[in-house]
Amino acid sequence: MDDLYRENIIDHFRHPRNKGHLDAPDRTYHDVNPFCGDEITIELKVEDGRIVDVAFDGKGCAISQASASMLTEEIRGKTLDEVRALDKDFITDMLGIPIGPVRMKCALLSLKVLKASVWGMEEWPD
Ligand code: FES
């Protein structure tokens, strides 16, 4: 079963969904994993508190980029409150493979960027 999930991760890494930029995003946030320099930007179009369009850009390892690609597919149509409630378990379930502590920062980078964007924060709190 892990193999299927691994193949899915590799597919998202090689053929990322929703990669690029929106014409006029309502919210944009960019952040970097300080340990490796990998980065992700997420842009959102929001109407009536709901995400109607999303794009991401970035560079980095397969887990970080595949996670961002999958996350963009998951959040389209969700309300901002629903996105605020997403947690680490949602990401690990989405990826579907065991993620060790070292790779967890890779897996969570896109969620961190998304949450900061949704909360409209300039910086992520420590
Ligand atoms: Fe940089 Fe994964 S190695 S985010």
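In each ligand, atom 1 is the first atom listed, and ligand 1 is the first ligand listed. Side-chain atoms are counted along with the backbone in the values below, which use heavy atoms only and exclude waters and symmetry mates.
- None of Arg17, Gln65, Glu43 except one satisfies the side chain to side chain contact (heavy atoms under 4.5 Å, CB included) rule with Phe56; the exception is Gln65.
- Counting only heavy atoms from C-beta outward, the side chains of Leu108 and Lys88 approach each other to under 4.5 Å.
- Surrounding CG of Asp23 are at most 12 heavy atoms belonging to other residues, nucleotides or ligands under 6.0 Å away.
- Among protein atoms, those of element N, O or S found less than 2.8 Å away from atom 2 (Fe) of ligand 1 are Cys61 SG, Cys106 SG.
- Other residues, nucleotides and ligands contribute over 12 non-hydrogen atoms within 6.0 Å of the CG atom of Asp93.
- For the pair Lys59 and Asp38, the salt-bridge criterion is not met [side-chain N within less than 4.0 Å of a carboxylate O].
- Residues satisfying the side-chain contact (heavy atoms from CB on, under 4.5 Å) test with Asn33, not counting sequence neighbours, are Phe35, Cys36, Lys105, Leu109.
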